[in-house]
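Notes to accompany the following structure.
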Amino acid sequence: MPKQKSSQNIEKVRHSLAHLLAMAVLEKYPKAEIGIGPTIENGFYYDFGEISISDTDLPAIQKRMIELIKQNLVFKKENASLAEAKKLFRNQPYKLELITELHKAKKSITIYKTFSIVKSQKSLVSSQFIDLCAGPHIKSTSEINPDAFKLTKIAGAYWRGSEKNPMLTRIYGLAFESKKELDDYLKMMEEAEKRDHRKIGKDLELFMFSEDIGPGLPFWLPKGMVIREELEKLAKEEETKSDYVRVWTPHIAKSKIYETSGHIPYYQDSMYPAIKAEDGDYYLKPMNCPFHYIIFKNKSHSYREMPIRIAEYGTVYRYEKSGELLGLFRPRGFTQNDAHIICSAEQIKKEFLGVMEMHSRYYKMFGIKDFYMRLSLRDPKNKEKFIDNEKMWRYSERVLKEAMEESCLPYEIGIGEAAFYGPKIDFQVKSVIGKEYSVSTSQLDFSAGPRFELTFINNKSKEETAFVIHRSPLGSHERFIAFLIEHFAGAFPLWLAPVQAVVIPISDKQKEYSASIAEKLKANNIRAALSDANETLGKRIREAELQKIPYILIIGEKEIQNQTINIRYRNKEGLSAEAKTKVEEIKIEKLIEKIKEEIEKKII
RNA sequence: GCCGAUGUAGUUCAGUGGUAGAACAUUUUCUUGGUAAGAAAAAGGUCGUGGGUUCGAUUCCCACCAUCGGCUCCA
């Protein structure tokens, strides 16, 4: 009970802080226009127009907010008539817009006034700040802990989230009940930053970018390539088991195909511009779908062979807007774990369930527990974003919902999140820094069938139009590996580790024997390295630990005599100091057996 | 694309209106070390790119590019 109450209170505190922020900003920048100031996870923000500030101005604003808090200002709610409200906010265009809308929607207009109290008179005086607001708020700023909040950053944000509107300046703040919670949160974010895939990718030499090549175009370095290839191997195995067939398709194509697909009208802005050739315009492919349809159409199909599952690790290029690029999460060139299941209407549900089972297997394999699925439907109020086919939307959304229910996996519904050609199921995970994103997506497409004339002959000898399921359980190599890097903090499970074992001779005397051990490991398909540089043992162990190599094998005189190997296991988080440095002596044959088994079973 | 910030050696970062410095990494030498950094020396930079101001710009101003934090978008 008390916890519940306190969590409600912090919401009020955060909201009240947003008002104080607006108050402090208006004092310092009287011409500023105020937008909205809601609470968010861990804090609050407020949007301002007609203001020019940078993060160096934040400490002064925060200082003023603390002064305001210490004045024990009182929040008071009032109802206002349309005329009163319009008068109060006559210089605030954004507020006027909201007032007009509230009035139109026949909702009551409430305002919050912030007063200061003159102690001697015990009465309220001088309303210092008035905001259009539904509340609720705390009674007085004495409820705010001035040490438990912090203005963190400045960002641009479109008024009401639309690109068409002016861009306002958003000031973000964190707020908690105690200073300790704030400090803990800041500490946590600091720790999370250490797991950032961009940092680890550089430290472990997994991938890189080059300004000379172009933004958003990743290079896979030898160690990162190992992970890519392991994932690809996994996908091939799993897909073969599930009766997929594999293909390879070209990377450029004539424009006609994208006109048929509808991508040119919908997505031309985010495609690389055309390559001009004598016989017309060619585009880098932004998706693999039409190519797989063409393969399907290469011959006629009977209902007996349906469904047909065409798979490819397909490389695509999308000209994402410059500000949208984000390491491997949002590159411009990436390779998808793609496949298209072309099936009849009756087969949709079963195929979808199969796709979801495949997801579950993968997620279990990687130990991904913190995820949920989002059933993404169209927004019936915003139909222009979606293909106009009421009947098909209803049918598709119903089938997907049924499949979702039958899968027994937890899911949420995302209105307006559907693809333009059909509903989808996205697998949502959270990155270490708390950012949520879709790792993979499975979509039902009822428009590709008629558009591309994807048909098969049914059991009544009639031509029947097929449905398409787009699916990519492992997303793209880029996004999935970015996720795995953060998920494992760079300490990949043995089967994915770029270097699986490093052999470290204590001195030059054991160099030759150590080299022979490394060779033996390699002969058994174990990715092994020899660390025989002219450095101290401690340093070479440190380097192996920093490289997060799972098996560190130490060889000294004793090991040569006993014909054994001394294993130091990679430091694992959560282990006691003692367990971290646990060592074990083992015969080489037994070690190879152990490592091979661990790789085979993909132990995490 | 929009708002804000940043850009100095391979990496992480100091610093300055008078053509630059540390640590780690690299190379060489010494050291042969029993579980997370042994020592010394050397080499390494058109201070993101292009303009402008100035006797002189890496430093100040402008533009562009890239990256980062957000917004928008993500077939």
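In what follows, every chain begins at residue 1, and chains take the letters A, B, ... in the order their sequences are listed. As the structure is a prediction and not an experimental result, all values here were calculated from the model.
- Defined by atom type and a distance below 3.5 Å, a donor-acceptor pair is present between the side-chain atoms of A:T441 and A:Q443.
- Remark: the A:R568 side chain and the B:A36 base include a donor-acceptor N/O pair separated by less than 3.5 Å.
- Side chains of A:E559 and A:Y513: a donor-acceptor N/O pair is absent below 3.5 angstrom, by distance only.
- The shortest distance between the side-chain N/O atoms of A:K202 and the OP1/OP2 oxygens of B:U12 is below 4.0 Å.
- Counting atom types as modelled, A:D203 pairs no side-chain N or O with a base atom of B:U11 as donor and acceptor under 3.5 Å.
- For A:N566 against B:U35, a side-chain-to-base donor-acceptor contact under 3.5 Å is present.
- Taking 3.5 Å as the limit, the base of B:A75 and the side chain of A:S270 contain a donor-acceptor pair of atoms between them.
- Scanning all heavy atoms of the two residues, the minimum distance from A:H359 to A:S440 falls at NE2-OG, 2.8 Å.
- Atom CG in A:D269 sits about 14 Å away from atom P in B:C73, given to the nearest Å.
- OP1 or OP2 of B:A25 lies within a sub-4.0 Å distance of a side-chain N or O belonging to A:K539.
- Here the nucleotide nearest the side chain of A:Y267, chosen from B:A66, B:C3, B:A75, is B:A75.
- Atom CD1 of A:I171 and atom P of B:C3 are 17 Å apart (whole Å).
- Under the Watson-Crick or G-U wobble criterion, with both distances below 3.5 Å, B:C64 is paired with B:G48.
- In this pair, A:F44 and A:F149 present their aromatic rings tilted. The plane angle is within the 30 to 60° band.
- Comparing B:A75, B:U32, B:C65 by their closest approach to the side chain of A:E211 singles out B:C65.
- Under a cut-off of 6.0 angstrom, the local environment of CG in A:D388 is sparse, with at most 12 non-hydrogen atoms contributed by other residues, nucleotides or ligands.
- For the 3.5 Å distance criterion, the side chains of A:H470 and A:D445 qualify, holding a donor opposite an acceptor.
- For B:G4, the OP1/OP2 oxygens have no side-chain nitrogen or oxygen of A:S54 closer than 4.0 Å.
- Shown here, B:C30 forms a base pair with B:G38; the pair counts as Watson-Crick or G-U wobble because both key distances fall under 3.5 Å.
- Scanning both residues, A:L474 and A:F480, for their nearest heavy atoms gives O-CB, 3.2 Å.
- The phosphate of B:C74 (OP1 or OP2) has no side-chain N or O of A:R318 nearer than 4.0 angstrom.
- Among the heavy atoms of the strands lying under 4.0 Å from A:L326 are primed sugar atoms or P, OP1, OP2 only; no base atom is included.
- Remark: C1' of B:U27 and CG of A:N534 are 12 Å apart, rounded to the nearest angstrom.
- Checking the phosphate oxygens (OP1, OP2) of B:G69, a side-chain nitrogen or oxygen of A:R198 falls inside 4.0 Å.
- Heavy atoms of A:K424 sit under 4.0 angstrom from primed sugar atoms or phosphate atoms, though from no base atom.
- Residue side chain A:Y172 does not reach the base of B:G4 through any donor-acceptor N/O pair under 3.5 Å, judged by distance alone.
- B:A25 makes up no base pair with any nucleotide shown, lacking Watson-Crick or G-U wobble contacts both under 3.5 Å.
- Phosphate proximity of B:G38 to A:T536: present, with a side-chain N or O under 4.0 Å from OP1 or OP2.
- Nucleotide B:U19 forms no Watson-Crick or G-U wobble pair with any nucleotide shown, as no partner meets the under 3.5 Å limit on both distances.
- Between A:Y319 and A:Y317, the distance from one ring center to the other does not fall under 6.0 angstrom.
- If you measure from atom CD of A:E324 to atom P of B:U72, you get 11 Å, rounded to the nearest angstrom.
- Residue-to-nucleotide proximity on RNA chain B shows that, of A:M287 and A:S52, the 5′-proximal contact is made by A:S52.
- The interatomic distance linking A:D55 (CG) with B:A5 (P) rounds to 7 Å, in whole Å.
- One interatomic measurement links the two molecules: CZ of A:R330 to C1' of B:C71, which rounds to 13 Å at whole-angstrom precision.
- Taking atom CD on A:E543 and atom C1' on B:A25, their separation rounds to 9 Å, with Å as the unit.
- With a cut-off of 3.5 Å on both pairing distances, B:G56 has no Watson-Crick or G-U wobble partner at all.
- In a base pair of the Watson-Crick type (N1 to N3 plus N6-O4 or O6-N4) or a G-U wobble (N1-O2 and O6-N3), with each distance short of 3.5 Å, B:C74 is matched with no nucleotide.
- Applying the 3.5 Å distance criterion, the base of B:G34 shares a donor-acceptor pair with the side chain of A:E559.
- The side chain of A:T169 approaches B:C3 more closely than any other nucleotide in the set B:A36, B:C2, B:C3.
- Rounded to whole Å, the distance from CD on A:E384 to C1' on B:C73 is 15 Å.
- Toward the 5′ end of RNA chain B lies the nearest nucleotide of A:R332, the other residue of the pair A:R332 and A:G216 mapping further downstream.
- The partner of B:G69 is B:C3, by the rule that a Watson-Crick or G-U pair needs both atom distances under 3.5 Å.
- Using a 4.0 Å heavy-atom criterion, one finds that A:F209 contacts no nucleic acid atom at all.
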